[in-house]
Structures are given as structure tokens and as C-alpha cells.
There are 4 protein chains.
Amino acid sequence: MTTDRPLRADAARNRALLLAAAEEAFAEHGMDASVADIAARAGIGKGTVFRHFPTKDDLLAAVMRDRIDALTAAGERLVEAGDPGAALLEFLTLAAESQQRNDMSVLQEAHVVNERLAVARTRMFVLIERLVDRARRAGAIRADVTGADVVLLMCAPGHVAAFAPRPGPDLWRRYLAIIFDGLRPAGATPLPVDPPRMG
Amino acid sequence: MTTDRPLRADAARNRALLLAAAEEAFAEHGMDASVADIAARAGIGKGTVFRHFPTKDDLLAAVMRDRIDALTAAGERLVEAGDPGAALLEFLTLAAESQQRNDMSVLQEAHVVNERLAVARTRMFVLIERLVDRARRAGAIRADVTGADVVLLMCAPGHVAAFAPRPGPDLWRRYLAIIFDGLRPAGATPLPVDPPRMG
Amino acid sequence: MTTDRPLRADAARNRALLLAAAEEAFAEHGMDASVADIAARAGIGKGTVFRHFPTKDDLLAAVMRDRIDALTAAGERLVEAGDPGAALLEFLTLAAESQQRNDMSVLQEAHVVNERLAVARTRMFVLIERLVDRARRAGAIRADVTGADVVLLMCAPGHVAAFAPRPGPDLWRRYLAIIFDGLRPAGATPLPVDPPRMG
Amino acid sequence: MTTDRPLRADAARNRALLLAAAEEAFAEHGMDASVADIAARAGIGKGTVFRHFPTKDDLLAAVMRDRIDALTAAGERLVEAGDPGAALLEFLTLAAESQQRNDMSVLQEAHVVNERLAVARTRMFVLIERLVDRARRAGAIRADVTGADVVLLMCAPGHVAAFAPRPGPDLWRRYLAIIFDGLRPAGATPLPVDPPRMG
DNA sequence: TATGAATGAGCATTCATTCAT
DNA sequence: TATGAATGAATGCTCATTCAT
């Protein structure tokens, strides 16, 4: 099933079309996007969807994994950049932009998380930890904030903006700014609860 | 139809059981909670659900309205309280506690919002505006933050905490603290986008 | 249940209201008229409907019986009238007028026919037999037509007219005229099949 | 959607089974026939019904269309036949035979009539008009009878016969004969109401 | 291998009928 | 006695998944 043998050229093309279509459909309708709709958008048969991914959940997981991997890759470049605080902010900006296109919060529906997705997610968590540690050491963010905090807060700007009745396409930037201000050392008040452990 | 004639004793009891069951089920599964499940949780027949609420949407709207009304009522008391900043923070605390029990974000699915719910929501928005104005005038929060911002941010602590794999029951307090720090004047950076207009 | 003890005054009034409402509702929606609708039209509770008639079928049967009885009563007067042919035609006219208000064909749905209805129907059949015999003997209708034929044909004008897209309120008279011409001796061709036996 | 691409062999077989089952079920229970029952009679799954016809109404419309088309095709042959009066009578005979198997009167429930059905129906109406005109010009039927009259009367023999408690399979022939006698010029009395306009 | 036809569990909703008030 | 609240079987329809072509 999930052997990593290289796909035939047309199969690879179909897989790409399928993932793109699925990303679009999941972005629009969340988990309620129908397999039939996704197949139609991809211009392939419904059966072919299931040839590539044994369940709809697996398809969603693959979409998520791709997005997480892309974000992680972008983050890897930032982790070496000059200003640690700016690097973290830039990473969160990229994350929000990515989420603008496709909400990752479906991930909470536990059944979605298969092993390969978990691996990608962990890799991203580790990267975020590094970005946060660097920023903290540089004094760009408050001392009592952890990588796990940032992981959880990452989706908030997108979600908050999405609540607006007719959100402008950049509204999330407003809330990212507010939340990032909350992460800065200036004027920080003590946090009342211990940070969570991820994983 | 919607006359507010007092219900028979048993009907009132069923209505309460139903709303409690619905609150629980919607909290767990969002709009995907099934009417059959809700009826079973309430220990009543499926048909009885529809006697009380003509559609599932109406049931959800009623659940939401109850919660919004309770929150608004609590807020009305705070709006006259001593410290404007503390009052706003207390309101947001109550909101997050309430959301802990039942996520309001389903409200985004537009079809849910019937007229009575819209009225309740507007009343709450007006209250929040007053709380925010007072806090702003008192210098407890930054000048560039509006009531609409707070409305949108209100659910964020709950959502952020819910992303954690095994969130402690008070984890949201941590993120409310961070976000509220982001609303304080100290160390505020300029906001890049105009605030949204609600309604 | 169906004891013939005289009803209390208000119960009798309710029964009359109920029958009128039911006649109206059945005329509009046939057997699909809902008990709730009928009760509402009558201004009484749904439970009261079932106190008067144990099932919806029984209610329909009662409506039918009333109409059949009224028609039979009118026919009794005609059976002694001067011109036998005119009397039969007049009876069929009354029948069609009555059907204009409420289609009797639901009667075909066998479950509807309870005993009391059957009695009323038989009484009407006997009357029709007499009207037909008289008309036949007077040469007003052809010799090979029986009372049973007329019983079956009785509803046809109303049905035929009802098929028209926007039937005028008197269209059935056109088809009654045609069918009655078919019953006249003039130009009659032999009938290919034996007449049915009623009951 | 409605492309007329040839169906796969098994799909075509299922479609035929489905239409036959639907014809039977609609004949027995009218529009109240349940989709589940139809599917069971056809020996296919409920979902398959909806794959072939998006709604129950569409299924009924298809059944009707098939019958109307078959009848129209048969009529086309008659319209060129020798004796115009015999041709019309033969057509009405075919129509009644066809109705014996499946009552067309459900067509009155307006929602059933989709566009393709309307086209088929209009085609049949035009054909009937031609048959009637020819018969009228030949003096086989009275001068004051129109195509629309015949359209409306077409179902009457079947309906009338169906009212009989245990109708013989040929009873309708008796009433077709009577009604057709009513259409003949011999002994015709003037018609009291204008003919309807179809469509 | 790709397709889309078939499947059936699941869903929201209706309604005749029963029963507590 | 009259009411209308409660019930649950039944209905039309959807959709992830399986399987014959």
C-alpha cells in the first residue's frame, strides 16, 4: 500500500492533482468536503482517490503533511537567520499565510493523525522549539514562553480573523501582531498555568 | 408559534435535558452531532427534539443563545465594576470558562444564525464594546484595539488550549494571559491592518 | 367507543367542526392531509380528534359517510320525480357537484372502508339501482347499462375535469354531458364486457 | 449530467429493473410508493436508485415518460391508418391498456413534471389532436369535441373500472365503449361548457 | 490501472398514535 | 374530557467505501 516505490509518471501526476484538489476542497469545506467533489476537482475518478489513499482521513493527513513539510522547510532557513525575534515572527507569518489557504485545525479530529503525519508534525515541533529557544535567549520573547506555547498559538491569528463576518484577506496580520506583542517581554505579566507538553 | 407561553412541567424538564444534551454533543462533535445522539443523551425520543426545535439549526441556535445570554448577563454586572481593566479581563475569563464547556465557533456556519440568536449576539457585542471602551479610556488596554477585536479574540484562549494533546482544564488561562498582555499598552507595536466591522 | 349515545353538546359541536375541517383538508390534500392540520383547522386539539375517531381512516370514513348520506337523501327525492331520465341526470349532477368539493375516490384505498361506511354505500347503491332501473324502463338510457355501471361512472366527470391544467369550476358538466350521452340509447354500440357486480 | 452516453451493461440492466419495479410500485401505491420498496423490488440498493435518478420525482417522471413515449409511438402509426374513427378508438384502447398497468394520474401532482416529461407529454397531445381532427372531419366523432377533451377522457375508462371492487382485467373496455359512444355524433346533445385549453 | 456503478449505514425530518396532565 | 407533549417507525436522500468492468 504505502510502499515508497516511485510511482508511475501518470500516477504521480494524478497524486499531485489529487492533493491540490483536496487542499482546496478541505480549505473550503473542512472535513465535510466530499470525496466525490475532490475527485471531480482533480479530474479523476472516485475510485482512483481510494487507490492513492485508503481512506478520506489518509488523504487529509497527506494534505496536512505536505503543508507541514513545506512550512518546516521554510522554517529551517529562518532558524539560521540573523535576528532571532524577527525569524520567529516571520515563521509565524508564514504559518498564518499557509493556514489562510487551508485550516490545519481539522488535525484535532484525532482519527486523522496517522503515523507519517505524526512524524512530520514532530519535526515541525522540534524546529519551532529551536526558533523559540533562540528568540528567548536573544530576549525577543519573554522567558516563560515555550515552544509548545508557540505551537498552540500558531493557528490562532487565522482562526481569530476567520470569525469576522467578512474578513479581509490580511486581517490575521492584526491578530498575529497582538498575539506576538503578548509574547514579548515588555509588560509581560506572570503566566498562571504551566506550559503544556506536546506529543 | 414562538409564543412564550409557560411550558408544562414535564415539557420544561425535557427542554432543559435536551439543551444540556445538545450543549454536550455540539461541544464534542460540532454541527456533526446527530439529533439521534442528542435525543439519546437527553433520554427523550427523537421526535421530541423536533417538537421543541423545528430544525437542528434552531436547536444549536438555542444552545448558543442561552450561553450568550448568560455571558451577557454576567458582563452587565462587570461593566459597572471598579477597575475597568480588571473588569474586561474578568469578562474574558468568564467567556473562556463558558467556552470550555461548549465551543461557540460553530456559529460561523452561517445557516445557524436565526433572528433571536442574532439579537442576543448583538446585545453581547454592544456590552463588549462598552467594556472595551471603558478599559481603553482607563488606559488598561492599548488605544488601537476595538470592541470588535475583543469579540474575535474572545474564543482564542479556549481554541488555543484545545489544540494541546491532553490539555489541562485550566490551560486556557495561560493563553488568555498572553493574549491579554498583547492587548495592554505596555510594549505595544503598531497594528498593520484596520480593525474589522462586526455585523 | 362507537356507542350511539347522544354526545354532550360541546362534544357534538366539536365533532361537527372536526368533520367540516376534515372534509376541507381531505379535499385539498387527499389522504395526505395530516391530522395535525385537521385539528388546527377545527380549532381543537389533536388528541380530541382521536377521541372522536380512533384512527385517521375512521375520520375519513365518517366524512365520506356524511357525503354519501347527503347524496342518498337528495336522490331519494329524485327517485319519485317525474322524468326518470332527467332524475338520473340530476342525481349524477348532484354527485359531481358534491365530488367537486371532496373527491370520493380515496375510498378505493381499501383500509378506509369500515362497516358503517359500507352500510351507507350500499344504501346509495340501492338507490342508484332504482334510479337506473326507472330510467332504463323509460327508455332514457340504454338497455345494457346497469346500476353498477352508473355507480362506477359517477365520479368520472369530476376526475376527468380535474386532469385539466386549470379546470374551470364547471368543466365537469362538459364530461358529464358526454358520458351521459354515452349512456343514452341513441347510437349505442354493443358493450364488449359484462357489467361488474358491486359489493 | 444528463448526457446520453451509453450506460455500462450492468448499469443499463439495473436501470431497466429499476424502471420496471418503479412502474409496478407507483401503479400500486401512487406517489406513496417508497424508494426503499422500489429498490427492493428491483433487487438493487437504495443508493443505486438515486444514482440513476436524483430524486423520486425524477424516477416517476422517467416512468411516465417511457409510457407516454411508447404510447405516442404506437399512435404515430395509427394516425396514417385507414379508418379515422377506428384509429382513434384503437389509440384509446392502447392508452387504457397501458394505464391498466400504471395509472398516469399521478401526473397531476405538479412537482413531478420535469422538462423532459413535459416535452413528451406535449408530443402526445399534438398526436392526439391530429387523431381527433381526422376523426372529426370523417364524421366519426361529434363536431364539438376537441383534442383536449380526448386527452382528459383518455384515462377515464381505466379509472372507472378500477373503482369496481374486483374488476375483471377487461372491464375498462366496457367503459371505453360507453364513453366513446358519448363521443359519437349519433344522439349527441349540446355540451354545456367550453372545452379546456391544455398547457 | 482507472473508472464509476453499487452499496447500505446514517441523517434530518414527518406524522399517526399514545398518554400524562 | 380536552389537550398537546412524547414517541418511534418510516421516508427521501447523502456519502465513504467496495468492486465489477
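Worth saying up front: this structure is predicted, and the values here are computed from it rather than measured. In the text below, chain A, chain B and the rest are named by the order of the sequence lines, each starting its count at 1.
Judged by distance alone, the side chain of B:Arg65 and the main-chain N or O of B:Ala120 form no donor-acceptor pair under 3.5 Å.
At whole-Å resolution of the value, CG in B:Leu18 and P in F:dT7 are 11 Å apart. D:Asn14 places its CG atom 12 Å from the C1' atom of F:dA20, with the value rounded to the nearest Å. Rounded to an integer number of Å, the gap from B:Phe53 CZ to F:dA6 C1' is 15 Å. Taking atom CG of B:Leu59 as the reference point, atom C1' of E:dC11 lies 15 Å away to the nearest angstrom. Rounded to whole Å, the distance from CD1 on D:Ile38 to C1' on F:dC13 is 14 Å. Across the protein-nucleic acid pair, D:Asp37 atom CG and F:dA10 atom C1' stand 12 Å apart, rounded to whole Å.
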Contacts under 3.5 Å, N or O only, protein and nucleotides 15-18 of chain F:
from: F:dA16; atom 1: OP1; to: A:Lys56; atom 2: NZ; distance (Å): 2.9
from: F:dA16; atom 1: OP2; to: A:Val35; atom 2: N; distance (Å): 2.9
from: F:dT17; atom 1: OP2; to: A:Lys56; atom 2: N; distance (Å): 2.9
from: F:dT17; atom 1: O4; to: A:Lys46; atom 2: NZ; distance (Å): 3.3

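Side chains of D:Asp57 and D:Asn114: no donor on one and acceptor on the other come within 3.5 Å. Donor-acceptor pairing under 3.5 Å is lacking for the side chains of A:Asp37 and A:Ser34.
Where B:Ile44 and C:Gly43 each meet DNA chain F at their nearest nucleotide, the meeting point lying more 5' is that of C:Gly43. In terms of position on DNA chain E, the residue among D:Thr48 and B:Asp10 whose nearest nucleotide sits closer to the 5' end is D:Thr48.
Nucleotide F:dT18 forms a pair with E:dA5, judged by Watson-Crick or G-U wobble geometry with both contacts under 3.5 Å.
Inter-residue side-chain proximity for D:Phe50 and D:Leu59 is flagged as unmet; no heavy-atom pair is nearer than 4.5 Å. At a threshold of 4.5 Å between non-hydrogen side-chain atoms, the residues A:Thr48 and A:Phe53 do not count as touching.
In summary, A:Arg41 and A:Glu23 do not engage in a salt bridge, as defined by a charged side-chain N under 4.0 Å from a carboxylate O.
Within the 4.0 Å cut-off from OP1 or OP2 of F:dA6, at least one side-chain nitrogen or oxygen of B:His52 is found.
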